[in-house]
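These notes concern the structure reproduced below.
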Amino acid sequence: MRSLYFVTGGKGGVGKSILSMLLVDFLTQYLKKKILLIESDTSNPDVGKTFANNENVEVVFLSLDNADGWIELVNYSASSEKDIVINSAARSIEAVQKFAGTLIGSLEELNRSLDSFFVINRQRDSIELLKKYMDAVPGELHVVRNTFYGAPEKFELFNNSKTKIEAEKRGATIDCPDLADRVADDLYSNRFSIAKAVIEMPLGNRAELKRWRSIAWKMFDDIGIGKTEEKAS
């Protein structure tokens, strides 16, 4: 069974792009897979552009704001033998509520599992958007506390919520490590993949990047990402 990973957060600025970059890096560099990346953030397609010339990543730019986009997503999922990562747009929740059934109803025939990563900050609207996503999309779900916004214990609204209890019935709460601003800025401004950055950045930047990357790899490995066959059995 192949995997389909949906990375979202329902709004801009929560860190879904960096989570998508980490996930692609983990799948291609740690697990040595070739993947299909669906870049659906058509207004800010930084993740897709970052990996556009990567030999391990096939990139498709595809709007998921309408029914046609979801139909095309199913068609790409049917024709590809690769695991798929979808980097969603900031405005994705409304479209997910309207159209995700097209994908969900096709998963069995596609022989694909669906794993969602929902990235949150410390604001109440993150939890409200998470609730809407959970109601619309079944399957494994991992809530990602972006520690750029503070240590895990600072996410009080989520940590003390019923939503956390319900979400953890479907997956894990995980913590995306914070990356030093100067290194993060270099990644974005130069459109470096993480694999390229650990070779080409200055030594101090590379050391920070490797520290951050190793924490993220362990985060994904601990929750069994890439072990679809084991989960299916």
Side-chain angles (χ1 to χ4, degrees), residues 1-11 16-17 19-24 26-28 31 33-43 45 47-48 51-52 54 56-119 129-144 166-172 174 220 223-233:
M1 179 178 287
R2 296 292 184 180
S3 295
L4 193 155
Y5 303 102
F6 196 95
V7 180
T8 187
K11 63 177 184 175
K16 63 178 183 55
S17 293
L19 196 283
S20 291
M21 290 176 65
L22 280 168
L23 179 57
V24 171
F26 175 79
L27 293 170
T28 58
L31 296 182
K33 291 175 176 269
K34 292 185 182 292
I35 68 158
L36 171 62
L37 170 65
I38 304 289
E39 174 59 275
S40 70
D41 191 349
T42 52
S43 62
V47 178
F51 291 101
N54 189 302
N56 296 312
V57 184
E58 177 187 357
V59 180
V60 171
F61 296 87
L62 179 66
S63 172
L64 295 179
D65 290 339
N66 52 54
D68 286 346
W70 289 86
I71 293 168
E72 284 300 301
L73 173 59
V74 171
N75 291 338
Y76 277 114
S77 300
S79 62
S80 178
E81 293 297 318
K82 301 171 183 175
D83 286 352
I84 297 173
V85 174
I86 302 170
N87 182 55
S88 72
R91 59 196 178 275
S92 65
I93 292 298
E94 184 176 349
V96 165
Q97 290 176 308
K98 289 182 178 178
F99 307 121
T102 302
L103 173 64
I104 294 163
S106 305
L107 288 172
E108 183 175 357
E109 190 171 351
L110 290 170
N111 195 30
R112 287 189 181 272
S113 63
L114 176 61
D115 293 60
S116 298
F117 290 88
F118 199 100
V119 188
L129 290 166
L130 172 59
K131 290 178 187 176
K132 292 179 180 180
Y133 186 84
M134 290 170 60
D135 288 342
V137 179
E140 191 153 322
L141 170 71
H142 305 295
V143 180
V144 185
E166 292 302 312
E168 289 181 345
K169 293 176 182 177
R170 295 172 51 177
I174 58 178
F220 289 127
I223 60 175
I225 297 304
K227 301 174 183 177
T228 306
E229 293 81 5
E230 295 178 19
K231 290 189 290 185
S233 62

Which atom pair, heavy atoms only, marks the closest approach of [X] to [Y]?
X: Phe51; Y: Val59; value: O-CG2, 3.5 Å
X: Pro45; Y: Phe61; value: CB-CE2, 3.8 Å
X: Leu64; Y: Gly69; value: CD2-O, 3.5 Å
X: Gly226; Y: Tyr5; value: N-OH, 3.3 Å
X: Leu62; Y: Thr42; value: C-CG2, 4.3 Å
X: Asp65; Y: Phe99; value: O-CE1, 3.5 Å

Measure the spacing between [atom1] of [X] and [atom2] of [Y] and express it to the nearest 0.5 Å.
X: Leu23; Y: Asp115; atom1: CG; atom2: CG; result: 9.0 Å
X: Ser43; Y: Asp41; atom1: OG; atom2: CG; result: 4.5 Å
X: Ile223; Y: His142; atom1: CD1; atom2: NE2; result: 4.0 Å
X: Met134; Y: Lys169; atom1: CE; atom2: NZ; result: 9.0 Å
X: Asp135; Y: Glu166; atom1: CG; atom2: CD; result: 10.0 Å
X: Leu110; Y: Met1; atom1: CG; atom2: CE; result: 10.0 Å

**Study point:** Minimum side-chain heavy-atom gap Glu72-Val60 below 4.5 Å
**Key:**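 No. Closest side-chain heavy atoms not under 4.5 Å.
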**Study point:** pair Val137-Val96: side-chain heavy atoms closer than 4.5 Å
**Key:**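 The answer is yes, as the side chains (C-beta and beyond) meet within the 4.5 Å cut-off.
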Exercise for review: For the pair Phe220 and Phe117, name the ring-plane relationship: parallel under 30°, tilted 30 to 60°, perpendicular over 60°.
Suggested key: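 Ring orientation of Phe220 relative to Phe117: perpendicular.
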Practice item. List the steps, then state whether side-chain hydrogen bond (donor to acceptor under 3.5 Å, both in side chains) holds for Ser77 with Asn75. Key: CA-CA 5 Å; Ser77 300; Asn75 291 338; over 6 Å; no
**Study point:** Qualifying residue for side chain to side chain contact (heavy atoms under 4.5 Å, CB included) with Glu58, from Ile35, Leu37, Leu36
**Key:**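 Checked Ile35, Leu37, Leu36 against Glu58; only one passes side chain to side chain contact (heavy atoms under 4.5 Å, CB included): Leu36.
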Point to revise | Of Leu73, Leu4, Val47, the residue whose pairing with Ile38 passes side chain to side chain contact (heavy atoms under 4.5 Å, CB included) | key: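 Only one option passes, and that is Leu73.
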Exercise for review: Scan for salt bridge (Lys or Arg N to Asp or Glu O under 4.0 Å) pairs involving residues 95-111, sequence neighbours excluded, and state none if there are none.
Suggested key: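 Every salt bridge (Lys or Arg N to Asp or Glu O under 4.0 Å) pair that includes a residue of residues 95-111, provided the two are not neighbours, is Glu94-Lys98.
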Practice item. Test side-chain contact (heavy atoms from CB on, under 4.5 Å) on Leu130 and Leu141 and set out the steps. Key: CA-CA 10 Å; Leu130 172 59; Leu141 170 71; 4.2 Å; yes
Backbone N/O of [Y] and side chain of [X]: donor-acceptor pair under 3.5 Å:
X: Ser79; Y: Tyr76; value: yes
X: Arg170; Y: Glu140; value: no
X: Ser40; Y: Asn87; value: yes
X: Lys132; Y: Gln97; value: no

Point to revise | Trace of the side-chain hydrogen bond (donor to acceptor under 3.5 Å, both in side chains) decision for Tyr133 with Thr8 | key: CA-CA 9 Å; Tyr133 186 84; Thr8 187; over 6 Å; no
